[in-house]
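Report on one structure; see the data block that follows.
Counting convention: from 1, in listed order, for ligands and their atoms alike.
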Amino acid sequence: MDLMSFPKGFLWGGAIAANQAEGAYLEGGKGLTTVDLLPTGKKRFDVMFGELTSLEPVPGEFYPSHEAIDFYHRYKEDIALFAEMGFKALRLSIAWSRIFPNGGDAEPNEEGLQFYDDVFDELLKHGIEPVVTIAHFDVPVSLIKNYGSWRNRRVVDFFETYATTLFTRYNSKVKYWMTFNEINMLLHLPFIGAGIVFEDGEDKQQVKYQAAHHQLVASAKAVKAAHAINPELQVGCMLAAGQTYAYSCNPNDVLDAMDKDRESFFFIDVQSRGEYPGYAKRYLEEQGITLRMEDGDLELLKEHTVDYIGFSYYASRTTSTDPEINQSTEGNIFSSLENPFLEKSEWGWTIDPTGFRITANQLYDRYQKPLFVVENGLGAVDTPDADGYVEDDYRIDYMTKHIEQMHEAIKDGVDIIGYTSWGPIDLVSASTGEMKKRYGFIYVDKDNEGNGTLTRSKKKSFDWYKQVIATNGAEV
Ligand code: BGP
């Protein structure tokens, strides 16, 4: 192998999600979706955790996804800019409620289907491979109102119909699919991950793991449907990854770190190895959680495992069992201690390129399937000049170091097929709902209150990433 560059055909590109980019939240026949109920600020976290009082947008409240960056109307301009950077792939998601406005309608909405046909055609015209997430933090609100969302088995059937509709329609245009974005996020942000709204006094872990079982079954059914339609289709899972370090060499800390990682691996162990692992069975039993399963579920999970492992990597985590050590969770969805060896982003996420190499190795050791890095990047405050130009050396620095470590992982023998950086164009932040937290190579003129012209302009990182792709990673 040539140790200086990445494998031939490596899928360099970027990743976006419907609800964080498209806007046009009620256009083209689209129904309301979970994110359309997520305001900004502190209230956003309450909703994401499943504490919600209304299933309608509240008048006067600002919901960033309603307009987002208007990709719905500007996708041609945006794709042209991605093409200028030389993208080989664009990861994007389909909004379920554009295709089935109520999640389980008898017929799909042709206008929604046509929109994605047009987007895929535009990508293919530029030689960019679409990589599609079927559900990226996105559940039609009608499914919550009528069925309680993923806690209800019926939603598995609706998802199967939705996924099958997509595979059939886009069979000739899309080869790479992913079922659920960051599926393990369901345990941390159950509303965003699975549209779960808790009822008073119920056992939250029970509800979450039942919803998880339903998503795992739905994912296996999607894999089965895709391969029946076209055996060439590649269907992956998607994990919010990031190695957990033990704060000390105390075996109790190491055990704790292992347990924390397994909380996430549980999902991928089922999706990729095809069975509930022993440690998960033990956990469920000890917690008194009983999963309702149907006949054939376990066989289905076993027979229809994923083709590749998609994952996001932003940061590593650190844990300790010592109560004396200060617990800091600020800015993090995954609880994590301060790691004295690492710097942090403005949002408190650790910056750990070596952790990226470790995580990739760990995933490959565990699953022995191709890995696809489908999110990585630095959320930062950008200050543009009068022309919208941003000197984002901090972003270039973060990405250079991560790409170098990804290369090290490849040299370690890890099979990585592509890298799509998160938010190649600025978009709405999932956790904060802010525009202030930017990831892009392309600046979008829009502020936290939703004001701005939406004009796009290139940052310094635009030309840098273009060069990375042009040299297939040899010049980072
Ligand atoms: C992941 C999500 C993305 C994305 C990213 C960055 O969890 O899959 O949707 O937004 O994280 O997070 P944030 O936007 O909160 O900075």
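For Ala430, a nitrogen or oxygen atom sits less than 3.5 Å from a nitrogen or oxygen atom of ligand 1, counting backbone and side chain alike. The shortest N or O to N or O distance between Trp349 and ligand 1 is not under 3.5 Å.
Ring pair Tyr465/Trp12 is perpendicular by interplanar angle, where above 60° counts as perpendicular and below 30° as parallel. Taking the six-membered ring where the residue is Trp, Tyr63 and His66 present parallel rings, their angle staying beneath 30° rather than reaching 60°. Using cut-offs of 30° and 60° on the angle between ring planes, the pair Tyr314 and Trp349 is perpendicular.
In Asn181, the part holding a heavy atom less than 4.0 Å from any atom of ligand 1 is the side chain. Residue Ser431 touches ligand 1 through backbone and side chain together, judged by heavy-atom distances below 4.0 Å. With a 4.0 Å heavy-atom cut-off, ligand 1 is reached by no atom of Trp347.
Under the 6.0 Å distance and 45° angle rule, Lys173 does not count as a cation-pi partner of Phe120. A cation-pi arrangement is present between Arg98 and Phe115 under the rule of less than 6.0 angstrom and at most 45 degrees off the ring axis.
For atom 13 (P) of ligand 1, the choice among Ser312, Ser429, Gly423, Gly377 with the nearest heavy atom turns out to be Ser429.
Atom numbering of ligand 1 starts at 1 in the shown order; those under 4.0 Å from a heavy atom of Phe137 are 2 (C), 8 (O), 9 (O).
Note on ligand 1: His136 sits in its first shell, one or more heavy atoms being nearer than 4.0 Å. Within the 4.0 Å heavy-atom cutoff, Tyr314 counts among the residues contacting ligand 1.
When Phe158, Phe159, Tyr209 are each tested for a ring pair (Phe, Tyr, Trp, His ring centres under 6.0 Å) with Trp150, only one passes: Phe159.
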